[in-house]
Structures are given as structure tokens and as C-alpha cells.
2 protein chains.
Amino acid sequence: MSSRKNLLGLAVLAYLSQRPMHPYELSKTLREHGDDRSIKFTHGSVYMVVEQLLKAGLIAEQETTREGQRPERTVYGITPDGRAELQAWLRDLVGVPRHEYPAFGSALSLVSALHPDVVVELLRERLERLREERVTTAKLAEGTEPHPLFLVEEVYRLGLLDAEIAFVERFIERIAEWRPMWAGYHEQNS
Amino acid sequence: MSSRKNLLGLAVLAYLSQRPMHPYELSKTLREHGDDRSIKFTHGSVYMVVEQLLKAGLIAEQETTREGQRPERTVYGITPDGRAELQAWLRDLVGVPRHEYPAFGSALSLVSALHPDVVVELLRERLERLREERVTTAKLAEGTEPHPLFLVEEVYRLGLLDAEIAFVERFIERIAEWRPMWAGYHEQNS
DNA sequence: TCTATCATGTAACCAGTTACATGATTTT
DNA sequence: AAAATCATGTAACTGGTTACATGATAGA
């Protein structure tokens with residue numbers, strides 16, 4: 001229960017809705033399809049969520065085979081409940097925005113603890129890296145291989161990147177205006 | 001160690017760098033300052049990270065007092081190591097963008113599992129809520145109470161919101177173009 | 001004075017990460 | 001044939017969330 005926590009569970013449901021697989025295969029397939037760009041997971045966490053989905057009755061053990069002397073593989077398939085949950089979960093994610101906590105946002109809320117001059121320097125570094133990231137993301141987003149539909153997430157990411165770049169540029173400018181007050185505050189307690 | 005995981009730790013260091021506090025006070029102060037908009041935490045998790053920071057030597061027990069019959073309160077203060085870590089951690093966060101995993105991005109990477117018509121409907125719902133959220137965020141971002149520097153995180157959030165709104169609008173348009181292929185794929189397996 | 005809420009903390013549970021294990025295949 | 005990597009999984013640890021506990025004050 002409470003399965004709606006780890007997005008990896010959603011991905012597993014989605015893949016198993018196409019055909020049954022064993023966990024290792026899931027892991028490999030997810031990675032091959034580049035899903036590790038949108039969903040955080042490791043080899044180990046795949047086994048974990050498979051366990052969870054199993055307990056929740058959303059997937060079921062289909063068969064256990066052994067091939068040569070390789071370890072046993074357990075193949076899992078999605079259940080009707082699993083299909084329903086896949087749809088419901090996705091609908092919820094698409095329809096209802098949730099409050100997010102990007103790390104940069106957290107840092108911004110505490111940034112006054114740094115001296116304004118170092119902040120400016122750091123923001124310039126950040127800009128460089130953001131621009132690099134933008135280039136590689138743009139290349140991905142402009143693909144057309146299977147179908148652009150499967151790259152729409154990169155388009156989204158690109159939009160976020162551009163917004164962040166614009167914000168950082170603007171922020172640097174405003175720091176110039178605020179510098180006296182901000183720097184004064186720092187000299188006062190150190 | 002490996003303290004650089006939970007952003008709440010950073011916030012605690014930042015607050016303790018101003019004055020010593022006990023965990024409950026930290027929790028209350030964080031919430032009063034609206035830091036729960038940028039950092040995810042609960043009452044319980046504050047005690048947890050305080051424990052971690054203590055083990056890592058970044059904060060230290062300062063005194064233990066008892067007032068009336070209230071439970072004992074342990075007051076913690078930041079150590080020199082803690083101050084160093086606060087600066088280093090913040091510098092890293094500001095200077096180096098990390099790969100993020102927004103939930104909507106994950107959903108987008110799997111959205112083909114939904115029928116295009118329901119996706120459009122859901123995206124319209126999402127747009128409405130995004131616009132509401134935009135209004136309240138804009139109000140916050142335009143404040144000037146202590147100093148705009150302390151609201152810069154809301155400005156950032158506003159930029160992200162606008163980017164997402166633009167993306168969703170555009171996505172709806174493109175679904176119209178893609179609908180035939182996408183819908184066909186769905187009829188084929190169901 | 002009863003009830004609600006505040007103040008403060010702990011304990012138990014669940015989720016996630018990391019490290020390890022081991023036979024099979026491929027490369028050098 | 002030695003070394004590296006693939007295929008497959010488990011176990012141990014660490015982190016995070018939730019639920020509970022209990023006296024104090026404030027409101028009805």
C-alpha cells in the first residue's frame with residue numbers, strides 16, 4: 001500500500017504492462033531507453049520496488065526459470081489491479097501539479113549566508129554549466145527517432161533550463177544593486 | 001558523515017549559525033520563516049538531522065535546561081567545522097547544477113500509456129492549477145518585507161512555473177497533430 | 001473543569017542505498 | 001588462460017516517516 005511514493009514503481013508498471021519481464025531485464029531496459037534521465041533508480045532499487053508492487057498485488061510472479069547455470073530468474077507480469085493503478089497514478093501526476101523542492105531553490109532560500117561577491121562568482125560558474133547542459137538537452141529534445149512523443153520530457157527539461165538560465169542572469173544583476181547592504185551585513189558578524 | 005544528502009541539514013546549520021536553538025524551536029522557526037516552501041521536512045525529521053549533524057561534529061550540545069515540568073530541552077550550537085561545512089555546501093549547491101527529477105518529467109516520459117484524449121483533458125486541469133499557483137507565488141515574490149533577497153527563491157519558482165505553463169500549452173497543441181498515431185496505438189492493444 | 005492545542009520528544013517501522021556474492025561469457 | 005565484464009540476486013546498513021506519548025497551557 002501507499003505505493004504512490006516511488007516513481008520507479010510507475011515505470012515498472014508501465015513496462016510490465018507491455019510484456020512480463022524479470023527484474024534484471026527491467027533494469028537494463030529502463031536504462032537503455034534513457035529512463036534514468038527522468039527517474040532516479042539503481043540496480044538495487046528495481047528489486048525493491050518489484051517487491052513492493054508484488055506485496056501490493058499490482059504485479060504477480062509469472063514463472064521462475066533457470067537457464068544453464070545462471071541464477072534463477074523470476075518473471076513478473078502486471079495484474080488487472082496493476083493496470084488500473086498505472087492509469088490512476090499517471091492521471092494524477094499529469095493532472096495535478098505537486099509542490100517540488102529543487103535543490104537550487106533550497107540553496108536560494110539560504111543564500112544570504114554567503115558573501116555576495118562569492119555568490120556572483122558561483123552563479124557565473126553555474127551559468128556556464130547550465131549552458132553546456134542546455135546544448136546536450138537540446139540535441140536530445142530535437143530527435144525524431146521513435147517519435148517526438150517519447151522525447152517530450154526533454155522538451156520540458158529544456159524549458160526549465162532556459163527559465164533557470166534567465167533567472168540566474170537576472171539575479172546576478174540584482175545582486176549588484178543589493179551588494180552594499182548584503183556585504184555590510186557580512187562584515188558585521190565575522 | 002555523507003551529511004550532504006538532506007537539505008534540511010543545510011537549513012539547520014544556517015539557522016544555528018545565527019544562534020543556538022533546541023530542535024523544537026528550529027522546527028517552529030523554520031516553519032514561521034516559510035522555509036517549508038523550499039525544503040521538505042516534518043517535525044520528526046528535524047530531530048533526525050540534528051542527530052546526524054551531531055554525530056558528524058557539525059553541531060554540539062550546548063546546554064540542557066528544564067523549565068517547569070516541560071520535557072527537557074537540549075540546545076545545540078554550531079561548531080567551527082559546522083560553519084565551514086555550511087559555506088562549502090552552499091557554494092556547491094549554488095555553483096554546480098545537479099540533475100533533478102521533477103515528478104511531471106517522470107510522468108511525461110511514460111505518458112504514452114494514457115490515451116491522448118484524456119491527456120489533453122488532464123493537461124487542461126493542470127493548467128488551471130498552475131495558473132492558481134502562479135498567482136499566489138507572484139504575490140509572495142513581489143513582497144519587500146525584510147528584503148527582496150529573502151524572497152528570491154519565489155522569483156525562481158515563478159520562472160519555473162511560467163516555463164511549465166508555456167510548455168503545457170504547447171504540448172496540448174502538439175497532441176492535436178499526433179493524435180491519430182497515438183490513438184491508433186491505443187486501440188490496437190486493448 | 002473539560003477539551004483542545006502547544007511543547008517536546010521517542011520508538012517502531014518502512015524505504016532506499018551500498019556492498020557483496022557468484023557463475024557465465026567475452027576480450028586480450 | 002587470465003582479466004574483465006555481464007547477468008542475476010541478496011543482505012546489511014542507513015535514512016526518513018509515522019505514530020505515539022505526556023505534561024502544560026489556554027479557551028469554552
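Each chain gets a letter, A, B and so on, in the order the sequences are listed, and its residues count up from 1.
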When the distance from [atom1] of [X] to [atom2] of [N] is rounded to whole Å, what number comes out?
X	N	atom1	atom2	value
A:Y24	C:dT25	OH	C1'	12 Å
B:E25	C:dA7	CD	P	11 Å
A:L26	D:dG9	CG	C1'	14 Å
A:K55	C:dC13	NZ	C1'	12 Å
B:Y76	C:dT8	OH	C1'	12 Å
B:M21	C:dA7	CE	P	15 Å
B:L8	D:dG16	CG	P	9 Å

Shared-cluster residues of A:Y24, by chain and number - hydrophobic side chains joined below 4.5 Å: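 Members alongside A:Y24: A:Y47.
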
Other than B:M48, what residues sit in its cluster of Ile, Leu, Val, Met, Phe, Trp and Tyr side chains whose heavy atoms are under 4.5 Å apart, directly or through others?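 Result for B:M48 is none, singleton.
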
Lys/Arg-Asp/Glu bridge criterion (N-O < 4.0 Å) met for B:R134, B:E164: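 Looking at B:R134 and B:E164, the cut-off is not met.
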
C:dC14 phosphate, OP1 or OP2: any side-chain N/O from A:Q52 under 4.0 angstrom?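 No, because none of the side-chain N or O atoms of A:Q52 sits under 4.0 Å from OP1 or OP2 of C:dC14.
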
Phosphate-side-chain proximity, B:N6 and D:dG16, N/O vs OP1/OP2 below 4.0 Å: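 For B:N6, the contact criterion (side-chain N or O under 4.0 Å from OP1 or OP2 of D:dG16) is met.
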
Near DNA chain D, under 4.0 Å by heavy atom, which residues of residues 27-51 of chain A?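 Close to the strand are A:K28, A:H43, A:Y47.
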
Aromatic ring centroids of B:H33 and B:Y15 under 6.0 Å?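 When the ring centroids of B:H33 and B:Y15 are compared, they turn out to be within the sub-6.0 Å range.
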
Aromatic ring proximity, centroids under 6.0 angstrom, A:W178 and B:H147: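 Centroid distance B:H147-A:W178: below 6.0 Å, so yes.
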
Hey, can you pull the donor-acceptor pairs under 3.5 Å for the side chains in residues 165-172 of chain B, sequence neighbours left out?
from: B:E169; atom 1: OE2; to: B:R131; atom 2: NH2; distance (Å): 2.8
from: B:R170; atom 1: NH1; to: B:E173; atom 2: OE1; distance (Å): 3.2

How would you list, by chain and number, every residue that makes a ring-ring contact (aromatic ring centres under 6.0 Å, His included) with B:Y185, sequence neighbours excluded?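 Listed in chain order: nothing, the list is empty.
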
Check each residue of residues 84-91 of chain B for a non-hydrogen atom within less than 4.0 Å of any atom in DNA chain C, then write out the ones that pass by number, or none.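 Per residue number, the list is empty: none.
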
Measuring from the side chain of A:P23 (C-beta onward, heavy atoms only), which nucleotide among C:dG9, D:dG9, D:dT8 has the closest atom?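 The answer is D:dG9, which lies nearest to the side chain.
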
Counting only heavy atoms not in B:E121 (residues, nucleotides, ligands), do more than 12 fall under 6.0 Å from its CD?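 No - once you tally the heavy atoms of other residues, nucleotides and ligands closer than 6.0 Å, there are 12 at most.
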
Point-to-point distance, once rounded to the nearest 0.5 Å, from NE2 of B:H43 to CG of B:L26: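 The distance works out to 12.0 Å.
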
